[in-house]
Protein chains: 2
Amino acid sequence: MDASSERDGSSIKEVARQAGVSLGTVSNVLNRPEVVSEPTRQRVIEAIQKLGYVRNDSARQLRAGHSRTIAIVVLDVANPFFTDVVRGAEEAIDAAGAVAVVCNSGESAARERRHLDLLEEQRVKGVLITPVDDGRDSRLEQLVRRGTPVVLVDRGSGQRNRCSVAVDDVLGGQLAGAHLRELGHRRVAFVGGPIGIPQVADRRRGFAGIFPGDGEELRIVDTPNLSVAAGRRAGEEIADLPPADRPTAVFCANDLLALGVLQEMTLRGVRVPRDVAIVGYDDIDFAAAAAVPLSSIRQPREQLGRTAAQLLLEEANDPAHHEHRHVVFKPELVVRESTVRSPVPRRRARHAAISEVRPPP
Amino acid sequence: MDASSERDGSSIKEVARQAGVSLGTVSNVLNRPEVVSEPTRQRVIEAIQKLGYVRNDSARQLRAGHSRTIAIVVLDVANPFFTDVVRGAEEAIDAAGAVAVVCNSGESAARERRHLDLLEEQRVKGVLITPVDDGRDSRLEQLVRRGTPVVLVDRGSGQRNRCSVAVDDVLGGQLAGAHLRELGHRRVAFVGGPIGIPQVADRRRGFAGIFPGDGEELRIVDTPNLSVAAGRRAGEEIADLPPADRPTAVFCANDLLALGVLQEMTLRGVRVPRDVAIVGYDDIDFAAAAAVPLSSIRQPREQLGRTAAQLLLEEANDPAHHEHRHVVFKPELVVRESTVRSPVPRRRARHAAISEVRPPP
DNA sequence: CTGCACCCTTGAAACGATTCATCGTTTCGG
DNA sequence: CCGAAACGATGAATCGTTTCAAGGGTGCAG
């Protein structure tokens with residue numbers, strides 16, 4: 001309503017004119033208020049408000065050489081695992097006074113590339129990324145070479161030129177396999193894909209390592225991605241097998257797939273866990289709340305994000321003294337009703353299972 | 001490995017020198033390749049690759065006056081409702097060749113403000129936002145005044161100076177109320193908050209309008225946010241009531257709350273729906289997969305995002321001819337077992353309920 | 001051979017904020 | 001009262017890109 005607040009931006013120059021001071025002084029008020037005298041500062045501040053001046057970040061960045069935003073590039077925003085990681089990371093980034101933006105690659109290399117291109121053009125302060133491929137990707141390499149701090153999330157890397165924060169996925173697969181084997185399962189399936197995603201490959205490897213013996217059979221059900229829908233399709237495939245060939249247990253590369261498989265089993269009258277046991281991965285909150293609470297491999301999701309962000313900030317704030325580190329967390333098995341029909345009465349069983357949902361202290 | 005790809009950015013100037021042409025020519029190769037002759041173009045391209053040149057977006061933006069990214073500001077990245085909206089929006093933004101970044105306000109006005117400040121400084125191409133408050137917020141107003149296209153998502157607005165895309169939340173509340181009333185419930189509760197969030201207020205209003213009569217009682221359980229954890233706390237409060245006073249049905253402002261309430265009920269031996277019926281809101285995918293599949297009010301989540309993005313792009317690409325529009329979708333009731341113990345055998349009931357998860361054609 | 005298009009290419013002028021050497025005023029100790 | 005230091009304010013130079021008027025060739029028509 002104020003006639004003087006123009007539709008489009010006033011520059012620092014106009015503020016200077018309005019306040020009757022020089023360019024440099026306005027800039028000082030903005031960036032080092034302590035060096036300018038009180039009355040002058042007041043006049044400048046008034047002028048800024050009167051004109052509705054908003055700093056042009058492009059110009060500032062051009063001069064400064066880099067931006068203040070940190071990008072978090074995730075495989076899939078719709079996957080609760082990643083949103084929890086994001087929340088952890090945001091917490092740390094926020095605390096450091098920086099700003100986080102989230103980019104979604106949607107498991108598409110092309111989209112990831114477009115985002116990375118733009119992020120590099122924007123000279124972002126740093127990038128937290130779970131890459132679509134193995135992270136040896138030349139695009140990422142280029143970003144690192146230019147000097148942009150990059151931290152790999154949920155992905156170990158032998159790379160010496162960047163930090164990484166990961167969870168031991170091979171161990172996770174082993175935990176799932178050992179659990180099922182101990183329950184007596186000998187004919188099992190692994191559901192997940194594409195195999196190009198390292199997490200998928202590692203979990204499968206760990207799992208497969210547990211079932212090498214005679215009379216044991218491991219069926220691989222490949223999926224085009226890690227969504228509930230893909231899980232349902234995999235579930236169909238498994239449910240359609242003649243019961244004699246059908247695996248008695250399924251290990252899914254993540255909980256979304258597991259939920260999909262579970263839905264399809266229930267739908268087709270295959271009982272879980274009696275006919276088929278299911279183990280998921282990630283232990284997202286919804287896993288415990290499912291129709292049949294899911295056994296799953298828990299990862300420290302928020303901690304993963306927080307740690308990654310801290311490493312990134314450390315590198316960004318003092319590149320000279322920074323030493324790249326590779327943090328690896330250990331996953332843990334959470335047993336619920338999708339693998340073990342609890343021996344205690346159902347009410348109590350429910351109790352125990354559902355209280356699992358509460359975040360660890 | 002290439003010694004000439006410097007650690008830090010080479011500018012267009014160095015490319016020009018390397019290729020033996022002028023600044024302007026390099027710029028032309030980048031932006032209007034058709035005006036420069038083939039051999040020259042080749043030389044420039046080679047120089048660019050040799051130097052590993054990456055355009056500096058700040059400088060480009062400074063000149064152009066605005067950026068090419070579109071920001072999506074959501075209330076909560078961890079809420080599947082919003083991630084589905086984001087996916088819809090990204091689809092449209094992607095198709096238009098623009099780039100989307102997601103900012104999470106986490107239901108915090110301060111964080112929203114920080115994001116908006118930075119986005120305005122960055123002169124983004126446009127903003128899709130579900131504001132924390134009523135959207136009449138002066139911060140947003142200022143953004144619009146400056147000429148930045150802004151579309152309100154999941155929020156109607158009487159505002160004439162921007163578009164909005166919303167779902168009729170009052171109607172949604174009414175649908176929930178009518179459903180429960182028809183089932184014979186007379187003592188009911190509304191779970192949600194903070195009441196400052198317009199969606200919460202509208203849903204509650206629609207719901208409350210159905211229970212005004214004698215002998216009817218509406219209890220309001222206020223929550224600090226819309227998470228599963230808050231739902232659990234509300235669930236405790238309700239479960240702890242003496243059965244004679246306890247509402248026989250609960251309507252939650254979103255599905256996360258409903259899942260929390262459901263978990264707490266099960267945990268405390270309150271049977272759903274026999275002792276307490278529950279209706280959620282949003283119909284996120286996980287609602288159908290819950291221990292007791294949730295009745296919910298479905299919103300066209302991806303369509304909401306897609307439509308919002310289209311309106312934004314329309315305005316951004318041709319501000320002169322753009323007329324602001326307010327699109328309002330209608331929600332619909334999805335009935336599942338959390339309100340109606342299905343009369344058909346359980347196996348079949350499950351079947352019907354769970355197939356609800358499939359996306360509408 | 002001249003004049004005229006036409007095509008490329010050129011270089012200088014923005015864009016807006018920050019920095020920094022410099023300059024003019026005060027202040028204060030001696 | 002002098003000189004030096006302290007303090008504030010100044011404005012030109014700079015960041016890297018895009019744009020655009022102007023210039024230099026080349027080929028073609030007259």
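Protein chains get the first letters and strands the later ones, always in sequence-line order, with residue 1 at the start of each.
Put simply, CD on B:E38 is 11 Å from P on C:dT9, counting in whole angstrom units. Distance, A:R41 CZ to D:dC7 C1': 15 Å, rounded to whole Å. For B:R17 and C:dG11, the CZ to P distance is 14 Å, given to the nearest whole Å. Summarising the geometry, the separation between CG on B:N56 and P on D:dT14 is reported as 18 Å, rounded to the nearest angstrom. Distance CD1 (A:I12) to C1' (D:dT10): 13 Å, rounded to an integer number of Å. When rounded to the nearest whole Å, the span between CD of A:E14 and P of C:dA17 equals 9 Å. Spacing between atom NZ of A:K13 and atom C1' of C:dA14 amounts to 9 Å, rounded to whole angstrom units. Regarding B:Q122, its CD atom lies at a distance of 22 Å from the P atom of C:dC15, rounded to whole Å.
The main-chain N or O of A:D154 is found under 3.5 Å from a side-chain atom of A:Q199 such that the two form a donor-acceptor pair. Proximity of a side-chain donor or acceptor of B:E112 to a complementary backbone N or O of B:V132 within less than 3.5 Å is detected.
A:E90 has a carboxylate O that lies under 4.0 Å from a charged side-chain N of B:R111, or vice versa, which qualifies the two as a salt bridge. Using a cutoff of 4.0 Å between basic side-chain nitrogens and carboxylate oxygens, B:E315 and B:R162 are not scored as salt-bridged.
Across B:L51, B:I45, B:V29, B:L23, a single residue satisfies side-chain contact (heavy atoms from CB on, under 4.5 Å) together with B:V15, and that is B:L51.
A heavy-atom distance below 4.0 Å to DNA chain C is reached by these residues of residues 57-65 of chain A, ordered by number: A:A59, A:R60, A:L62, A:R63. Heavy-atom distances under 4.0 Å link DNA chain D to B:G24, B:S27, B:N31, B:R32 of residues 22-33 of chain B, given in residue order.
Judged as a side chain to side chain donor-acceptor pair (under 3.5 Å), and not counting sequence neighbours, A:D76 has no contacts.
With hydrogens and angles left out, the side-chain atoms of A:Q42 and A:E38 include a donor and acceptor closer than 3.5 Å.
Under the 6.0 Å cut-off for aromatic ring centres, B:H326 and B:H324 do not qualify, their centroids lying 6.0 Å or more apart.
Proximity of B:R113 to B:L116: side-chain heavy atoms (C-beta onward) are nowhere separated by under 4.5 Å.
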